[in-house]
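Read through the structure below, which is laid out as structure tokens, and then see the notes.
Quick caveat, the model's predicted, so the values are computed rather than measured.
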Amino acid sequence: MNKFASQLLAHYKKNARPLPWRADATPYRVWLSEIMLQQTTVKTVIPYFEKFTQQFPTVEDLANASEEEVMHLWQGLGYYSRARNLHKCAKVIAFDKDGQFPTTEAELLTLPGVGPYTAAAIASMAFHQKATVMDGNVERVMARVFNLTLPLPTHKKAFKEKAIELTPNSENALYSNAIMELGATICTPRKPACETCPVQSECTTFQTNQNPEALPVKEPKKPKKVEHGAVYVIQDQNGDFYLQKRPEKGLLANLWEFPTTGWVGQSQTAPEGFEMIQSEAVMLGQIRHIFTHIDLTLDVFSYQGNMEAQTFQADNLPPLPTLMKKVLQTAQNPA
DNA sequence: TAACCGTGGAG
DNA sequence: TCTCCAAGGTT
């Protein structure tokens, strides 16, 4: 085993964080945690992981749940296509594969919601196969250890080749956890703890006294679209809320929302579709919500009346995305 | 293949 | 307030 891997493993064995999915690393629990951890921090994931494993102790339990139940538990975690793919994948495993996860990277890669990173993670952590996990943490560690200044994401392949070079033949599950934990806790994007790093002797950037915060180099991102619209919090005579389902594809797909106008790129909002109530609706304030690719501002209106949509009691609302929770918050507590 | 797809925290 | 970005995948 190379020196980088052995030093990293020695440190990890003494300092590993006791994460819930590590104690009992069954394929089901590893898979579930890895799907949740896609672009999501450990701290955010933990309560969701606990909820899911309590409600669905096995992949069969998850497969037999309703879509509504799964979406409800996922509420607030974001990237909702992950939840739909999670449910789809559970059904494949439970009903087509006799409850058994495939054990190789190539087979795992065919499952819904499982890409190159997650396939490698499951093969390594659940089945103890040799696989190289490649995520944002590992890219950053490789950039600094080898002082790679090639920009990402164009040169992802070069980073992966370096990561493969360092991957040990034994203790692969521990190593995969260890290198990501290094990136998450020591080799962090800003203010990395190089003084306490277990692999500083193997790190070119540290040894040549260069600035680790400058790495990895990333190509410029496209600016977000700025959009603006209006949302109407409409209550009937009983105080029940009118909600409608969003389209099955696209942003916040298939989730419930307060009725909104279209979103446009100007600062002026036309009450398209709500002309009839616009004159009587009361504007309560604005909310702003930043998505990955959209900077959205909504004018929040309230109105007493009726429309053609489903009503819900205030204390029994369906799963709402965070955007719509902000709308509700504004309606209940106007600025 | 580049665009799309949430949310919360750090600095 | 703004930028970055976190155990990425799909189309």
Side-chain angles (χ1 to χ4, degrees), chain A residues 16-17 19-22 25 29-49 71 74-86 88-89 108-126 131-141 152-154 156 160 163 173 175-185 187-192 213-214 216-227 246-255 288-297 319-326:
Chain A
R17 292 179 291 176
L19 303 180
W21 43 88
R22 284 182 179 161
R29 290 166 58 88
V30 170
W31 163 73
L32 177 61
S33 66
E34 292 301 339
I35 300 297
M36 290 182 166
L37 285 162
Q38 290 167 6
Q39 299 286 279
T40 310
T41 57
V42 165
K43 186 182 175 186
T44 300
V45 164
I46 286 176
Y48 285 88
F49 181 81
M71 295 309 291
W74 197 271
Q75 179 184 2
L77 194 53
Y79 285 136
Y80 296 94
S81 68
R82 288 186 298 171
R84 284 185 290 275
N85 283 144
L86 183 83
K88 204 182 296 179
C89 183
L108 287 161
L109 208 42
T110 68
L111 298 171
V114 176
Y117 163 76
T118 307
I122 299 172
S124 170
M125 298 174 189
T132 300
V133 290
M134 226 26 224
D135 72 333
N137 286 313
V138 181
E139 285 178 349
R140 185 169 57 256
V141 171
L152 289 170
T154 298
K156 271 180 174 292
K160 176 143 194 180
Y175 177 82
S176 295
N177 279 290
I179 193 160
M180 288 190 291
E181 183 134 327
L182 180 74
T185 62
C187 196
T188 50
R190 288 173 296 276
K191 299 192 179 300
E213 287 192 346
V217 176
K218 297 209 173 173
E219 283 141 9
K221 298 176 187 173
K222 225 184 111 182
K224 296 182 197 303
K225 288 183 198 166
V226 177
E227 297 188 347
R246 292 182 55 79
E248 290 186 11
K249 296 198 179 240
L251 186 69
L252 303 174
N254 214 27
L255 298 178
R288 187 166 176 229
H289 192 76
I290 316 277
F291 296 101
T292 305
H293 54 299
I294 301 170
D295 182 342
L296 174 67
T297 300
L320 294 176
T322 297
L323 168 66
M324 292 298 154
K325 287 186 173 174
K326 287 187 186 176

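Counting to the nearest Å, the P atom of B/dT7 and the CH2 atom of A/Trp74 are 13 Å from each other. Rounded to an integer number of Å, the gap from CG of A/Asn85 to P of C/dG8 is 16 Å. Rounded to a whole Å, the CZ atom of A/Phe291 is 21 Å from the P atom of C/dC5. One atom, CE of A/Met134, and another, P of C/dA7, lie 12 Å apart when rounded to the nearest Å. In this structure, the CD atom of A/Gln38 is 15 Å from the C1' atom of C/dC5, given to the nearest Å. Nucleotide C/dT11 holds its P atom 7 Å from the NZ atom of A/Lys88, rounded to whole Å. Atoms CG (A/Leu255) and P (B/dT7) sit 8 Å apart, rounded to a whole Å. At whole-Å resolution of the value, NZ in A/Lys326 and C1' in B/dT7 are 9 Å apart.
Among the nucleotides B/dG6, C/dC5, B/dC4, the one closest to any side-chain atom of A/Lys225 is B/dC4. Distances from the side chain of A/Arg288 to the nucleotides C/dC2, C/dA7, B/dG6 place C/dC2 closest. Side-chain proximity of A/Leu37 to the nucleotides C/dA7, C/dA6, C/dC2 is greatest for C/dA7. Among the nucleotides C/dA7, C/dC5, B/dA3, the one closest to the side chain of A/Lys222 is B/dA3. Closest contact between the side chain of A/Leu252 and the listed nucleotides C/dA7, B/dT7, B/dG11 involves B/dT7.
Judged by distance alone, with hydrogens and angles left aside, the side-chain atoms of A/Ser33 form a donor-acceptor pair with the main-chain N or O of A/Val30 at under 3.5 Å.
Of all the heavy atoms in A/Leu77 and A/Tyr48, the pair that sits closest is N-OH, 3.5 Å. Nearest heavy-atom pair, A/Pro112 versus A/Cys89, reported as atom, atom and distance to 0.1 Å: O-CB, 3.7 Å. The two residues A/Ala131 and A/Ala123 have their closest heavy-atom pair at CB-CB, 4.3 Å.
Between A/Ser33 and A/Arg190, it is A/Arg190 whose nearest contact on DNA chain C lies nearer the 5' terminus.
Across all strands shown, A/Ala253 has no heavy atoms under 4.0 Å from either base or sugar-phosphate atoms. Using a 4.0 Å heavy-atom cutoff across all strands shown, A/Leu19 reaches at least one base atom of the nucleic acid. As judged by a 4.0 angstrom heavy-atom cut-off over every strand, A/Val114 is placed among residues touching the sugar-phosphate backbone only. The residue A/Thr322 sits close only to the backbone: its heavy atoms come under 4.0 Å of sugar-phosphate atoms, none of a base. At the heavy-atom level, A/Gly76 lies under 4.0 Å from the strands shown only through sugar-phosphate atoms.
Of the side-chain N and O atoms in A/Thr292, none sit less than 4.0 angstrom from OP1 or OP2 of B/dG6. In this structure, A/His289 reaches the B/dT7 phosphate: one of its side-chain N or O atoms is under 4.0 Å from OP1 or OP2. At C/dG8, one or more side-chain N or O atoms of A/Gln39 fall inside 4.0 Å of OP1 or OP2 (strictly under the cut-off). Between A/Lys249 and C/dT10 there is no side-chain N or O to OP1 or OP2 distance below 4.0 Å. For B/dC5, the OP1/OP2 oxygens have a side-chain nitrogen or oxygen of A/His293 closer than 4.0 Å. Contact annotation: A/Thr118 reaches the phosphate of C/dG9 (side-chain N/O to OP1 or OP2, under 4.0 Å). Note on A/Arg82: every side-chain N or O is 4.0 Å or more away from OP1 and OP2 of C/dT10. For C/dA6, neither phosphate oxygen OP1 nor OP2 lies less than 4.0 angstrom from any side-chain nitrogen or oxygen of A/Tyr79.
At a cut-off of 3.5 angstrom, the base of B/dG8 holds no donor-acceptor pair with the side chain of A/Thr44.
Using atom P as the reference point in both C/dA7 and B/dG11, the two lie 14 Å apart (nearest Å). Spacing of P atoms, B/dG8 relative to C/dG9, comes out at 22 Å, to the nearest Å.
To the nearest 0.5 Å, the span separating CD on A/Gln38 from OH on A/Tyr117 amounts to 8.5 Å.
With no hydrogens or angles considered, a side-chain donor-acceptor pair links A/Arg140 and A/Asn137 at under 3.5 Å.
Below 30°, between 30° and 60°, or above 60°: for A/Phe291 and A/His289 the angle between ring planes is above 60°, a perpendicular geometry.
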